[in-house]
Amino acid sequence: MKLIVKQADGTATDVPARLNWTVMELIKDAGLPMRAECGGSCACATCHVYIDPDWLDKVGERNDEEAYTLDGAFNVEPNSRLSCQITFKPELDGLSMTLSKDATG
Amino acid sequence: MSVDAIETDVIVVGAGPCGLFAAFELGLNDMRCHFVDILDKVGGQCAELYPEKPIYDIPALPIVTGQQLTDALMEQIKPFHPVFHLNQMAESLTKLDNGRWRLATDAGTVLEAPVLVVAAGGGSFMPKKPPIEGIDEYEGKSVFYAVRRMETFRDRTVLVAGGGDSALDWLINLQPLASSIQLVHRRDDFRAAPDSVGKMRALVAGQQAKLHIAQIMGLEGSGGQLEGVRVKPDNGPEYTIECDTLLAFYGLTMKLGPVANFGLNLEQNLIPVDTEKFQTSEHGIFAIGDINSYPGKLKLILSGFHEAALMAQEAFRIVHPERKQRFQYTTSSSDLQKKLGVAA
């Protein structure tokens with residue numbers, strides 16, 4: 001199982017996925033740029049990613065707290081999510097996304 | 001040396017949980033300390049990022065919030081009268097001829113001590129800057145991330161950006177001074193005190209302030225003088241809001257900041273230390289908590305507490321070289337109990 005994580009320069013990396021890890025943890029564990037300053041407590045918006053539109057249904061909606069925390073992010077799009085709020089599950093195998101500037105710094 | 005330097009035993013950079021607990025361990029070992037922290041309050045990330053969120057992995061505290069932990073640590077270190085220099089950034093560090101360290105802050109405070117402890121966590125909390133190319137040239141002239149003096153904004157055409165308490169408070173407070181004031185926020189939903197949201201809505205309804213539901217995309221102007229801010233609503237084309245001043249409140253982020261220039265070895269923005277004394281590459285400078293690195297390091301508050309205790313042992317040898325170290329337990333030592341103000 002894997003994620004496909006793209007960076008602003010277009011490079012795409014296959015990130016090995018593990019059940020019940022958050023997407024933020026998986027990206028960080030793979031050594032990609034991922035600030036995630038607050039460590040996953042949905043307080044900082046520095047794990048902001050853009051989910052590829054095809055995957056939005058499977059990933060689901062932002063939760064309320066996440067929507068508020070995204071107020072501290074820039075260039076928020078309808079497909080913006082905080083990757084610490086997405087828990088990996090089998091249906092997300094192959095999930096594709098792009099890292100935001102908030103996350104890469 | 002400097003006439004107005006404050007002399008102390010230990011300077012602690014960072015008043016987060018690990019720094020605060022260091023004051024306890026240092027105090028038990030007869031060392032006074034002065035803190036410098038960029039935030040306007042103690043507690044570091046616990047107070048700034050998650051004051052109301054529960055923490056479950058502090059030994060013997062099954063559940064405690066960030067703020068409760070901070071308050072409890074402040075209570076615990078009270079007997080040692082630590083001094084706090086808040087709202088100040090530790091800016092420069094100099095080694096004096098006598099081997100002591102001199103730390104100067106951006107507010108002009110100068111501290112001198114034989115021991116410096118860097119307990120700066122993820123670094124200095126600094127305002128988030130919109131990732132707009134060329135924004136630097138406007139900063140301090142027409143783009144601001146904080147209000148130091150309200151008078152600066154008199155008769156200006158001000159655009160406030162953000163949806164939290166800072167944005168709304170300054171919109172409300174600057175409205176009477178500014179020649180015009182507008183607010184831009186990504187969505188029509190504000191995470192701020194209900195009273196402030198009500199006041200903002202009233203200003204908008206009374207046409208004393210204008211509200212834009214959009215995100216900021218770019219700046220227009222030249223030579224640091226802003227003329228307008230380009231914004232984009234979710235479902236509509238970009239347009240320009242005319243203004244000569246932008247006040248952006250998007251929260252805080254952590255940057256290593258001037259600690260990077262203290263002359264310490266750094267590895268990926270962390271400070272390598274030994275695991276006996278938690279000393280850095282410089283004698284007399286220690287690093288504890290999230291900012292240090294060593295094999296097996298875990299960024300846990302409890303690790304920082306342990307590091308503080310061991311650091312204090314070596315700090316004692318530096319601050320009190322003439323004295324014999326004595327290891328005692330607070331349970332049984334009347335000497336320690338006296339220091340804690342609990343002696344029978």
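All values below were derived from every heavy atom in this structure, side-chain atoms included, with hydrogens, water molecules and symmetry-related copies excluded. Numbers restart at 1 for each chain; the letters A, B, ... are given by sequence-line order, proteins then strands. Here the structure is a predicted model, which means the values were calculated and not measured.
Against chain A, the residues from residues 128-140 of chain B that qualify, each with a non-hydrogen atom under 4.5 angstrom away, are B:K128, B:K129, B:P130, B:P131 in number order. Residues of residues 13-36 of chain A that come closer than 4.5 Å to chain B, counting heavy atoms only, are A:R35, ordered by residue number. Within residues 68-100 of chain A, the residues approaching chain B closer than 4.5 Å by heavy atoms are, in numerical order, A:Y68, A:T69, A:L70, A:D71, A:G72, A:A73, A:F74, A:N75, A:V76.
Interface remark: B:D290 contributes no atoms to any contact with chain A (heavy atom separation under 4.5 Å). Within the 4.5 angstrom heavy-atom criterion, no atom of B:F249 approaches chain A. For B:R186, the part lying near chain A is the side chain, with the backbone staying farther off; criterion is any non-hydrogen pair under 4.5 Å.
Within a 6.0 Å radius of CG in B:D188, other residues, nucleotides and ligands contribute more than 12 heavy atoms. Other residues, nucleotides and ligands place more than 12 heavy atoms under 6.0 Å from the NZ atom of B:K297. Heavy atoms from other residues, nucleotides or ligands lying under 6.0 Å from NZ of B:K199 number 12 at most. Counting non-hydrogen atoms of neighbouring residues, nucleotides and ligands closer than 6.0 angstrom, the CG atom of A:D9 exceeds 12 such neighbours.
Per-residue counts of heavy-atom pairs under 4.5 Å with chain A were compared for B:K299, B:Q215, B:Q45; the largest is that of B:Q215. Most heavy-atom pairs under 4.5 Å with chain A: of the set B:K255, B:M217, B:H185, B:K232, this distinction falls to B:H185.
Scanning all heavy atoms of the two residues, the minimum distance from A:E65 to B:K53 falls at OE2-NZ, 3.0 Å. Residues B:L49 and A:C38 come closest through the heavy atom pair CD1-CB, 3.7 Å.
Scanning for side-chain contact (heavy atoms from CB on, under 4.5 Å) contacts around B:E220 gives B:R230, B:T240, with sequence neighbours left out.
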